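Just so it is clear, the model here is predicted, and its values are computed rather than measured. The first residue of the sequence shown is numbered 1, and numbering continues consecutively from there.
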Amino acid sequence: MNGPLSVPSASDLSLAVGDNGAAAVVWWAHLAATALQTQAAVRAPRAASFGGMLPLSINDGSTRCPGTHVAMDAAGDAAAIWTRRTTGG
């Protein structure tokens, strides 16, 4: 993604910024009526824009649960977590 980060049909966004200026954002992307996928983009320190979209989860038709989060340490290493419903109960 060059320029501003634009993610159509996204929800549950989470942003983290490291001490070195690196950044990561994760979100749920609505790909179709019931198709959801966790996706991310990262920005290197001092970069003008975020890189391309990175798929983090499979698109298996399961539904999401609230709570997509990303964290970043001082060195710019990021970790993302999310939950998804895999059964009807």
Here the gap from T83 atom OG1 to H69 atom NE2, rounded to the nearest 0.5 Å, amounts to 8.0 Å
Nearest heavy-atom approach of G76 to A22 is CA-CB, 4.2 Å
What's the separation between atom CG in L54 and atom OG1 in T38, rounded to the nearest 0.5 Å? 12.5 Å
Test item: N20 side-chain N/O and A75 main-chain N/O as donor-acceptor pair under 3.5 Å: yes
Name of the residue among D12, V70, L56 meeting side-chain contact (heavy atoms from CB on, under 4.5 Å) with W82: L56
Should L13 and V17 be regarded as members of a common hydrophobic cluster, given that ILVMFWY residues are connected when their side-chain heavy atoms come within less than 4.5 Å of each other, either directly or indirectly? yes
Answer yes if the side chains of W28 and Q37 hold a donor-acceptor pair under 3.5 Å, and no otherwise. no
Do M53 and M72 share a hydrophobic cluster, counting only Ile, Leu, Val, Met, Phe, Trp and Tyr and linking them when any side-chain heavy atoms are less than 4.5 Å apart? no
Might you point out which heavy atoms bring A78 and A24 nearest each other, and give the distance in Å? CB-CB, 4.1 Å
Looking only at non-hydrogen atoms, find the nearest pair between L15 and A23 and report the distance. CD1-CB, 4.4 Å
